[in-house]
Number of protein chains: 2
Amino acid sequence: MKPTIEDVAALAGVSRGTVSRVLNGGPVSRASAERVHAAIAETGYRAHHSARSLAGGRSGVYAAVISEPYGELFEDPTFGLLLRGISSQLTGAVHTSPDVSLSLVLITDEEERRRADRLLDPRRVDGVILLSPHVHDPILGSIDPSLPVVVCGELDEPRDLTWSVTIDDAHGGAAGARHLLQRGVRCPAIIGGPLAARGALRRVHAQQTELGDLLDPALLVHANYAASGGVEAMRELLVRDPGIDAVLCGSDRQAVGALQVLLESGRSVPDDVAIVGFDDQRFAATTSPPLTTINQPITEVGAVAARTLAAHLRGEEVSDQTLPTSLVIRSSA
Amino acid sequence: MKPTIEDVAALAGVSRGTVSRVLNGGPVSRASAERVHAAIAETGYRAHHSARSLAGGRSGVYAAVISEPYGELFEDPTFGLLLRGISSQLTGAVHTSPDVSLSLVLITDEEERRRADRLLDPRRVDGVILLSPHVHDPILGSIDPSLPVVVCGELDEPRDLTWSVTIDDAHGGAAGARHLLQRGVRCPAIIGGPLAARGALRRVHAQQTELGDLLDPALLVHANYAASGGVEAMRELLVRDPGIDAVLCGSDRQAVGALQVLLESGRSVPDDVAIVGFDDQRFAATTSPPLTTINQPITEVGAVAARTLAAHLRGEEVSDQTLPTSLVIRSSA
DNA sequence: TTGAAAGCGCTAACAA
DNA sequence: TTGTTAGCGCTTTCAA
């Protein structure tokens, strides 16, 4: 059998309680601590997770909840990046805080939703990180009120013990617009994200503000985030005004769509028309020309979410956070 | 406080042991069972996960391990699909088997690798599902020998208590070739996956066998799975023989690359040249023309992996599994 | 600073 | 078929 705390105690010549104290940072004499550490090393002792949870009341588990209809799931690289960020913050300090494990809770149908209700038990997880930034997601309301939640994205209905980690969309939108202004564009257009996406609206608003009178209101169209959205929007814009010399897009995918249309129309990018994307997805660096775009620190959002949860559980005061975006200048603008 | 098994027992007028028995499927009278169920419903009782693990020796957790260098992670939709498949099999039967939760273990650097060693403790997880089908992955060797493992993909070094769930690559390769044969192609070519990928090799081998003498050995080139690989390979093939009238690709991404080259060269698909992809990724249905390709049941691989683990833990005899691929005929061939 | 002891909520062996 | 009881391995009072 694996060594228990009792074995360690015996070997170190102290009581079980003392071993527990060095494990959890209680008051112990230097001498005892050393002998316990030696005993731990010698026995290869590792705390029994369930026993610790049962006695201590902490599970050492965070739940990462992704509620997304089948299909959408993981098409979007965002989830993977968020998970990476979270995972990077889960390693425990040597003998202070134990490692936290991440319980992945996927909700794609009713059955999984009911299972999630059972899994999201305060005795089974210490906290929840919500990865799906859905508006009106019923999941939030059904989580046990005593469970702390960090939302990666926006929070529409307030909830106790709930914090959100978001991206500064307005700042990102403004940065792109300002870059265009510096380049001296005369006739800019905007391809905004879908009207249902709050972040998209905030970006557009900031772009409008920044561009001011230079922007012809007719040259703002909304489209879905996919490349196809960019294609359609760009075609429409070109009809409305063939003289457009710059386009701010709501996503990199829209930007490639717009790029394609522009190229097909015989225009050159960025000479005839400058294009700015949004997201700084991986492929943005390899389009031709490479996309100037706005970087969103998605992985960092996940990391901050995990740290926020940890801080709260440590008893610290925590608050909502907004992470900065940054302009990445490549060749398209 | 949440109700405990003791509360349920009291309300049902039975002993704690009896409640435990109805929860775990022991011998109980019909009458007791009913009263216990009623009491559970009334109290809203839910078993304490850690307590159960500690006493029962089963954690009710499977670990999904993805060991992949930073960057590759989740670029590939495969992981998401596998996780979906696994997740779909985790719901427990009402009062027979409890829900299993999925612990996501991401390994992208040394720190995470060490943490994984600690997380993959037989007392903390009941089994492991390995999602990264890496050859020579050191992780397999470092997993506690008492922990059962199911690998989604191929297994190179045998290990006790380890099973693999794979795709029938040979069958898929043959199916594509046979389809071409039926269409009466005269001059087929093959763009194989990278030489380092075993599955790719197996597919190519099956294709060669099926095509027989019809295949000019010079018309087989290997390339990476990306679209760029398809582009380069197709260009090379066209140089070697401009008369090619069909191409079997190793991936859908390669197929779009090849498609692009073919279209640019003024050929029409499928009239001048037929193209068959592999994978049946989401976008394969929306290229123009839509791709005829080989479907791989990735989600099903995950599901089978989870079921295999569950069956083994139930004490059943389990074995390696190979899942069938299927030809999806669209317009490109 | 320490040991002793009382649980945490559950399963399983045992006797009835 | 049932109740009783002894743990599972740990944390946390409580005295000392």
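Sequence lines set the chain letters: A, B, ... in the order given, protein chains first and strands last, and positions in each chain run from 1.
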Upstream residue (5' side of DNA chain D) when B:Gly56 and B:Ala33 are each assigned their closest nucleotide = B:Ala33
Result for 5'-nearest mapping on DNA chain D, choosing between B:Gly13 and B:Ala51, is B:Gly13
Does a side-chain N or O from [X] land closer than 4.0 Å to OP1 or OP2 of [N], or not?
X: A:Ser20; N: D:dT11; result: yes
X: A:Ser53; N: C:dC8; result: no
X: B:Thr18; N: D:dG3; result: yes
X: B:Ser50; N: C:dC10; result: no

Among [options], find the nucleotide with the atom closest to the side chain of [X].
X: B:Val14; options: D:dT2, C:dG9, D:dG3; result: D:dG3
X: A:Thr4; options: D:dG9, C:dG9, D:dT2; result: D:dG9
X: B:Ser15; options: D:dT2, D:dG3, D:dC10; result: D:dG3
X: A:Leu54; options: C:dT2, C:dC8, D:dT1; result: C:dC8

Whole Å only: how far is the [atom1] atom of [X] from the [atom2] atom of [N]?
X: A:Ile40; N: D:dC10; atom1: CD1; atom2: P; value: 10 Å
X: B:Arg16; N: C:dC8; atom1: CZ; atom2: P; value: 11 Å
X: A:Asn24; N: D:dG9; atom1: CG; atom2: P; value: 17 Å
X: A:Arg58; N: D:dT12; atom1: CZ; atom2: P; value: 10 Å
X: A:His49; N: C:dC10; atom1: NE2; atom2: P; value: 18 Å
X: B:Tyr45; N: C:dC10; atom1: OH; atom2: P; value: 3 Å
X: B:Glu6; N: C:dC10; atom1: CD; atom2: P; value: 9 Å
X: B:Arg52; N: D:dG7; atom1: CZ; atom2: C1'; value: 18 Å

May I ask you to say what B:Gly17 touches in the nucleic acid, namely base, sugar-phosphate or nothing, with a heavy-atom cut-off under 4.0 Å?
-> base
Side-chain-base donor-acceptor pair under 3.5 Å for B:Arg21 and C:dT11 = no
Charged N-O contact under 4.0 Å between A:Arg307 and A:Glu300 = yes
Electrostatic pair B:Glu112-A:Arg84, nearest N-O below 4.0 angstrom = yes
CG on A:Leu104 to CD1 on B:Ile86, rounded to 0.5 Å = 9.5 Å
For the atom pair CG (A:Asp126) and OG (A:Ser53), what is the distance rounded to the nearest 0.5 Å?
-> 8.0 Å
In terms of heavy-atom contacts, B:Ala311 and B:Val318 come closest through CB-CG1, 3.6 Å
